[in-house]
Amino acid sequence: MLLKDLSDYYDQLLENRPDDVAQPGWSSCYVKGFLEIDQDGRLRTIIPAAEKRGQALKVPEQAKKSSGIKANFLCDAISYFLGIPTSKKPGDSASAEEKAKYAKEADRARRCFEASRKLHHEILDNVDSLTAHAILSYYDSWDISGAEANPMLLSQTDVLAAGGFFAFSIASENDISIAMDDSDVKAAWNRHYEQDDADATSMLCLVSGEMSPVARLHPSIKGVVGAQSSGATLVSFNDRSSESYGHVEEQGRNAPVSKRVAQAYGTSLNYLLSDRAHHVRLGDTTIAYWSGYNDQANTEFISLMAFGGNMFIEAKTSEEGREQEQLDTTVRKLIQGKHVGIPGLDFDSPFYIVGLAPNASRLSVRFMLQSSFGIIAENIAEHYRCLDIAMPKGSRPFLVPFALLKAVENPHAKKPVFSSPLVAPLMKAILNGEKYPMGLYQAAILRIRATQDDSDKGVRKVNRVRAAIIKACLIRNFGRSKEEVTVSLNERRSDTAYNLGRAFCLLESIQWYANEGETNIAARFMNSASATPAIVFPTLLRLANAHLKKLSTSKKGLAVNLKKHLTEVLGESRVPVFPQRLTLDEQGVFFLGYYHQLALRFERNGASDNVQDMDAGIIGDTANEEE
């Protein structure tokens with residue numbers, strides 16, 4: 001259960017990374033600025049945070065707000081602290097509508113200030129602390145009516161207009177301190193938070209199984225791509241059709257989860273989505289992952305292995321660089337089926353992966369997987385074994401999910417999202433060792449048909465990634481064996497579709513040599529040749545005879561070798577007759593044969609030094625030139 005797993009992870013974070021997560025009753029927040037007051041409560045200035053995003057602080061847990069007025073303790077919007085609207089006051093020449101709108105905003109800001117004043121008095125009235133006295137004195141002495149003409153505030157209009165959350169800082173004779181750092185103030189808030197729990201309705205928590213105060217509203221989750229920047233909820237009820245009988249407009253009481261569990265899972269998920277080593281984004285899906293034990297080592301390993309983590313985790317020191325190299329070596333060993341051993345990895349630890357996507361103001365769970373770290377790592381390794389295919393030197397050894405999705409995406413789409421509908425089924429197939437989504441295979445075939453070779457842009461119809469997708473799907477989805485569907489060219493294979501693909505590549509090479517580096521066979525005939533060979537190949541062979549005749553006038557030996565090679569591939573034992581049409585899986589075999597023959601051409605001609613060569617223009621064939 002997702003909420004239970006995240007709640008347990010929170011306990012792990014409190015034990016192992018207490019500085020990175022908020023304690024119960026507290027939350028993480030980016031503070032845009034500080035209201036600096038002296039010990040008598042007089043506002044001295046407003047200090048903007050050094051960072052544009054704001055200063056990250058642990059603040060008292062903040063209430064969820066929609067359109068109502070609800071004050072937060074010590075950290076809130078500027079209207080709650082100053083009692084003035086953030087918009088500029090309209091001048092005398094403004095319309096009556098503009099003046100009425102501003103008056104409404106000013107009235108709301110005044111009520112926000114009063115709500116904040118009441119809350120701070122409620123919590124701090126009996127606290128004997130200089131910080132508490134300064135804050136209460138500020139609320140009792142601040143003049144809202146004169147705030148708009150305050151010279152100091154007028155000089156800070158840009159800071160105030162930026163919005164966001166602000167906090168109090170207290171200036172003493174020798175120092176300036178943040179109000180939330182005062183131990184007496186902290187203790188007062190913790191007492192208030194516990195008292196709120198005691199006053200709340202207690203029900204049986206569906207996660208912990210204990211009678212506890214229930215969270216009416218669940219925490220906002222930030223960091224999911226496409227969701228609201230202010231956060232979206234994982235659990236919410238605001239539609240009558242979703243509410244239980246007798247719990248109309250009771251929100252979280254429809255499915256009771258304790259405040260402790262709600263705060264725990266919200267903090268854990270927000271931590272995962274803020275740490276780059278614990279999440280990755282694919283299309284419109286944000287994938288978060290964590291380990292039950294040895295979290296840092298296990299997640300870094302999965303981040304590298306499953307998502308190419310070394311693309312976004314930089315090695316800043318030589319020691320970190322050595323660790324990265326060790327991880328790379330370990331991944332390769334695991335894919336090769338060899339024993340691996342890295343200190344810190346726990347292959348018996350439970351491992352969790354969840355995929356989240358935006359759904360209006362809520363989040364939808366695309367998938368949730370839980371297994372042992374070792375099983376997930378082995379399933380990922382097997383996935384890479386299925387994808388393993390001949391490749392140019394210097395290219396990345398692992399085709400991460402992002403590369404697979406990008407290879408089947410329409411590059412001319414107005415808003416390409418890297419095949420979002422395929423993200424969840426692809427990840428489930430990889431992590432569970434299941435069949436790949438047929439949509440991925442079909443999309444790869446479609447992209448081959450829709451793409452045209454362009455050597456200037458380094459684009460090829462049948463490139464390494466699409467060929468790897470086809471190979472992997474042939475093995476898992478169509479039941480082809482790894483002995484049949486090999487990594488590189490299998491010259492002993494007698495499969496008709498495979499040899500037709502090889503023959504098409506050879507026909508392309510013959511034209512390339514005859515026309516001194518120019519060919520258009522793929523653009524004109526590949527799509528139809530892969531679907532209806534009986535119609536297309538007779539025409540291609542007639543063209544090949546003409547090209548061989550032309551080539552023999554200048555390079556007779558090469559022409560003889562190319563013709564001999566083509567005759568072997570199209571021999572009666574391999575292609576007894578040209579099929580009228582090829583099935584979907586046979587079309588994939590055709591393209592795989594084409595790619596394997598193309599890869600061998602690069603290897604024998606020494607053209608694989610450039611990673612882009614496999615996607616660029618035509619380079620000579622396997623036949624050796626004889627003069």
Is the distance from the ring center of Y352 to that of Y9 below 6.0 Å?
no
SB check K186 D181 (cutoff 4.0 Å)
no
Do L13 and D20 make a side-chain contact, defined as non-hydrogen atoms from C-beta onward lying under 4.5 Å apart?
no
Establish, yes or no, whether the cationic atom of R53 lies under 6.0 Å from the six-membered ring centre of Y30 and within 45° of the ring axis.
yes
Does the separation of the ring centres of Y193 and F73 fall below 6.0 angstrom?
no
Would you mind reporting whether M180 and K58 have side-chain heavy atoms less than 4.5 Å apart?
no
Looking at D107 and K104, is any side-chain nitrogen of the basic one under 4.0 Å from a carboxylate oxygen of the acidic one?
no
Is there side-chain contact between R366 and L282, with heavy atoms separated by less than 4.5 Å?
no
So, N294 side chain and A297 main chain: donor-acceptor pair closer than 3.5 Å or not?
no
Residue that, paired with V159, satisfies side chain to side chain contact (heavy atoms under 4.5 Å, CB included) out of I46, I78, I47, L153:
I46
For Y102 versus P90, what's the shortest heavy-atom pair and its separation?
CG-CD, 3.4 Å
Closest non-hydrogen atom pair between L369 and L431, with its separation:
CD1-CD1, 3.3 Å
When you compare the side chain of L404 with that of L422, does any pair of heavy atoms fall below 4.5 Å?
no
Looking only at heavy atoms, the pair that brings R17 and Q296 closest together is NH1-OE1, 3.6 Å
Near D128 CG, under 6.0 Å, is it more than 12 heavy atoms from other residues, nucleotides or ligands?
no
Taking the inter-plane angle between the rings of F113 and Y139 on a 0 to 90° scale, is it parallel (under 30°), tilted (30 to 60°) or perpendicular (over 60°)?
tilted
Kindly check if the number of other-residue, nucleotide or ligand heavy atoms within 6.0 Å of NZ (K89) is above 12?
no
Under 3.5 Å donor-acceptor, D40 side chain and S137 backbone
no
With distance as the sole test, does Q12 use its side chain to make a donor-acceptor pair with the main-chain N or O of S291 at under 3.5 Å?
yes
Does the pair L234 and L2 meet the rule for a side-chain contact (heavy atoms from CB on, under 4.5 Å), with working shown?
CA-CA 10 Å; L234 194 60; L2 177 59; 4.0 Å; yes
One should read off an interatomic distance between N72 CG and Q62 CD, to the nearest 0.5 angstrom, of 5.0 Å
With heavy-atom distances below 4.5 Å as the criterion, would you say the side chains of V59 and S27 are in contact?
yes
Does N126, at its CG atom, have more than 12 non-hydrogen atoms belonging to other residues, nucleotides or ligands within less than 6.0 Å?
no
What is the distance from atom OG of S93 to atom NZ of K99, rounded to the nearest 0.5 Å?
7.5 Å
Interatomic distance, L74 atom CG to I123 atom CD1 [nearest 0.5 angstrom]:
7.5 Å
Between S274 and Y271, is there a donor-acceptor pair closer than 3.5 Å when you use the side chain of the first and the backbone of the second?
yes
Between S172 and Q39, does a side-chain contact (heavy atoms from CB on, under 4.5 Å) hold up when you go through it step by step?
CA-CA 6 Å; S172 60; Q39 292 180 335; 3.5 Å; yes
L43/L82 under side-chain contact (heavy atoms from CB on, under 4.5 Å): CA gap, chis, key distance, verdict
CA-CA 10 Å; L43 180 62; L82 296 178; 4.1 Å; yes
Testing the basics here: between P437 and A429, what is the closest heavy-atom pair and its distance to 0.1 Å?
CD-CB, 4.3 Å
Greater than 12 external heavy atoms within 6.0 Å of Q370's CD:
yes
Can you list the steps and then say if F301 with F351 is a ring-ring contact (aromatic ring centres under 6.0 Å, His included)?
CA-CA 12 Å; F301 185 80; F351 200 85; 9.8 Å; no
Under 4.0 Å between a side-chain nitrogen and a carboxylate oxygen: does that hold for R260 and D11?
yes
Please tell me if the side chains of I69 and E114 come closer than 4.5 Å, counting only heavy atoms from C-beta onward.
no
If only atom types and distance count, is the side chain of S116 paired as donor or acceptor with the main-chain N or O of C112 below 3.5 Å?
no
Over all heavy atoms of both residues, which pair between F168 and I37 is shortest? Give the atoms and the distance, please.
CD2-CD1, 4.1 Å
P219 side chain near Q263 side chain, heavy-atom distance below 4.5 Å:
no
Between the main-chain N or O of V225 and the side-chain N or O of T286, is there a donor-acceptor pair closer than 3.5 Å?
yes
When you look at I178 and Q55, which way does the side-chain contact (heavy atoms from CB on, under 4.5 Å) test go after all the steps?
CA-CA 12 Å; I178 298 175; Q55 182 175 337; 4.1 Å; yes
Given 3.5 Å as the limit, does a donor-acceptor pair link the side chain of N270 with the main chain of S220, or not?
yes
Hey, what do you get for OG (S177) to CD1 (I170), rounding to the nearest 0.5 Å?
6.0 Å
For W26, is there any backbone N or O sitting under 3.5 Å from a side-chain donor or acceptor partner on W189?
no
S349 side chain to Y293 main-chain N or O, any donor-acceptor pair under 3.5 Å?
yes
Do L3 and L206 come close enough that some side-chain heavy atom pair is under 4.5 Å?
no
Considering all heavy atoms of both residues, which atom of K4 and which atom of V207 are nearest to each other, and what is their separation?
CA-CG1, 3.6 Å
From OH (Y80) to NZ (K70), nearest 0.5 Å
9.5 Å
Start with the C-alpha distance between N359 and S364, add both sets of side-chain angles, then the distance that settles side chain to side chain donor-acceptor pair (under 3.5 Å), and finish with yes or no.
CA-CA 6 Å; N359 182 15; S364 62; 5.3 Å; no
Nearest-0.5 Å distance that lies between atom OG1 in T299 and atom CG in L272
9.0 Å
Would the Y138 and F81 ring centres measure less than 6.0 Å apart?
no
